[in-house]
S.K.: 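The structure follows.
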Amino acid sequence: MAKDNIKAPAFDDIVFASRNKEYGAYSLRKKYKPTVILAILIGILILSTLIIAPYLNAKANESAARKEKTIEIEAKMMEAPVDQVAPPPPPPPPPPADIVRQAAYVPPVVVDSVKPEEEVQLLTAEEAEEYVTNTEVVDQPIEQMVEVQEAEPEEVPFYVVEEEATFPGGLTALYDYIGKNLQYPPEAVENNIQGKVTVRFCVTSKGTINQISVLKGVDAALDAEAMRVVSTLPPFKPGKQGGRPVPVWYMLPITFKLN
C-alpha cells in the first residue's frame, strides 16, 4: 500500500500555529529569505560596478589619448608604368686638367743713378721726439672686463607635458600639409614598395623642428621622403610644462600606399 507523502509544516507555520498570522511579524519572517537574497544580489552588482567602472574609464581615456596622439596619413598614388620613369641623368664631365702657365721672362732694367727724391732720409733724435708721444697704459678694473657668456644648452625633450605641442590649424591642417607635400619616390613605385614609416622629431621651445629620426622604417627611399616632408613643416605651437615653453618629442606615422 503506497504511503501518502506528508509534507512537514514550515517553521514559521509551527511558530504561528496558534497565533494571529495577520500580525506583521509573520509577514516579515515569510519575506525574510527572498529579501536577503535580493539584497545580496544588489550588493554584488554595486560592488562589481565600483570595481569595473574605474578600469573601463581608464581604458577609455587611454584609447582616446592614443587616438589623438597617433596620426596616420596615407600617401596614395597610381602605379606609373615603368617606361614613364625618367632616365637617370648622365654623369658629370670630368674636371679639366690643371694648366700650369709659365710667366714670360722679363729682363731686369739697370739704373745708372738714383733720383734725389728716392733717397732714404733718416730722422735725427730731435726730429723723432716731435713725432713720437708716450702713452700711458691704464689698467682696467676686473669688473669692467667683458665676460664671455656661454650659450645655455638646450633642455632634454619631454615625452609627456601639461600642454601638448600643436600644429597651426590643428590635426586637419597637418593632414592637409603632409598630403600636399608628400611625394612617392619613383623607385618605390617601380618596385611596388608600400608600408608605414613612423617618424619622431622634437618640437623645440620656440616651435621649430629638429632631431628628426625614423623609429620604424620600411624602405630607404620611403624613410628619406618621410623625413624630408617632416623637415619642411612650419613652426608648431610649443608644448608647455609649468606654464613655460619646453621641447617635446612628437611621433608621426606616415602610410605609403599604392592603388
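In this chain, residues are counted from 1 in sequence order.
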S.K.: To the nearest 0.5 Å, tell me how far E225 CD sits from Y184 OH.
M.R.: 10.5 Å
S.K.: Keeping Y177 on the side-chain end and T232 on the backbone end, is there a donor-acceptor pair under 3.5 Å?
M.R.: yes
S.K.: When you group the ILVMFWY residues by side-chain heavy-atom contacts below 4.5 Å and let the links chain together, are I44 and I52 in the same group?
M.R.: no
S.K.: Can you tell me how far apart CG (L233) and CD1 (I212) are? Round to the nearest 0.5 Å.
M.R.: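 One gets 7.5 Å once the value is rounded to the nearest 0.5 Å.
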S.K.: Supply the atom-to-atom distance D223 CG to F256 CZ, rounded to the nearest 0.5 angstrom.
M.R.: 8.0 Å
S.K.: How far does CZ of F236 sit from OG1 of T166, to the nearest 0.5 angstrom?
M.R.: 8.5 Å
S.K.: Give the table of side-chain donor-acceptor pairs shorter than 3.5 Å for residues 213-220, with sequence neighbours excluded, one pair per line with atom names and distance.
M.R.:
{"residue": "D219", "atom": "OD2", "partner": "A221", "partner atom": "N", "Å": "3.0"}

S.K.: Determine whether T198 and L252 make a side-chain contact, defined as any pair of heavy atoms from C-beta on separated by less than 4.5 Å.
M.R.: no
S.K.: Return yes if some donor-acceptor pair links the side-chain N/O of Q241 with the main-chain N/O of E162 below 3.5 Å, else return no.
M.R.: yes
S.K.: Can you name the closest pair of heavy atoms from G207 and P238 and give their distance?
M.R.: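 Result for this residue pair: N-CB, 4.1 Å.
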S.K.: Please assess V229 against I178 for the test side-chain contact (heavy atoms from CB on, under 4.5 Å), listing each intermediate value before the final yes or no.
M.R.: CA-CA 7 Å; V229 73; I178 295 293; 4.1 Å; yes
S.K.: Any donor and acceptor pair, going by atom type alone, linking the side chain of Q211 with main-chain N or O of C202 inside 3.5 Å?
M.R.: no
S.K.: Hey, could you give me the CZ/OH distance between F167 and Y250, rounded to the nearest 0.5 Å?
M.R.: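 One finds 9.0 Å between CZ of F167 and OH of Y250.
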S.K.: Do the ring planes of Y159 and W249 sit parallel (below 30°), tilted (30 to 60°) or perpendicular (above 60°)?
M.R.: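 It falls in the tilted class, 30° to 60°.
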S.K.: Identify whether the distance between the nearest side-chain nitrogen and carboxylate oxygen of E155 and R244 falls below 4.0 Å.
M.R.: yes
S.K.: For L222 and P185, which heavy atoms make the closest approach, and how far apart are they?
M.R.: CD2-CD, 3.7 Å
S.K.: Counting distance only, does the side-chain N/O of N57 pair as donor-acceptor with the main-chain N or O of A53 below 3.5 Å?
M.R.: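 Pair absent, no side-chain N/O of N57 close to backbone of A53.
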S.K.: Check whether any side-chain N or O of E164 sits under 3.5 Å from a backbone N or O of G239 as a donor-acceptor pair, and report yes or no.
M.R.: no
S.K.: Does T204 use its side chain to pair, donor to acceptor, with the backbone of T208 at less than 3.5 Å?
M.R.: yes
S.K.: Are I37 and L45 connected in a single hydrophobic cluster, I mean Ile/Leu/Val/Met/Phe/Trp/Tyr linked by side-chain heavy atoms less than 4.5 Å apart?
M.R.: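 They do not share one cluster, since no chain of ILVMFWY contacts under 4.5 Å joins L45 to I37.
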S.K.: Is any side-chain heavy atom of V197 less than 4.5 Å from a side-chain heavy atom of P253?
M.R.: no
S.K.: Nearest 0.5 angstrom please: T35 OG1 to I40 CD1, how far?
M.R.: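 It is 11.0 Å, given to the nearest 0.5 Å.
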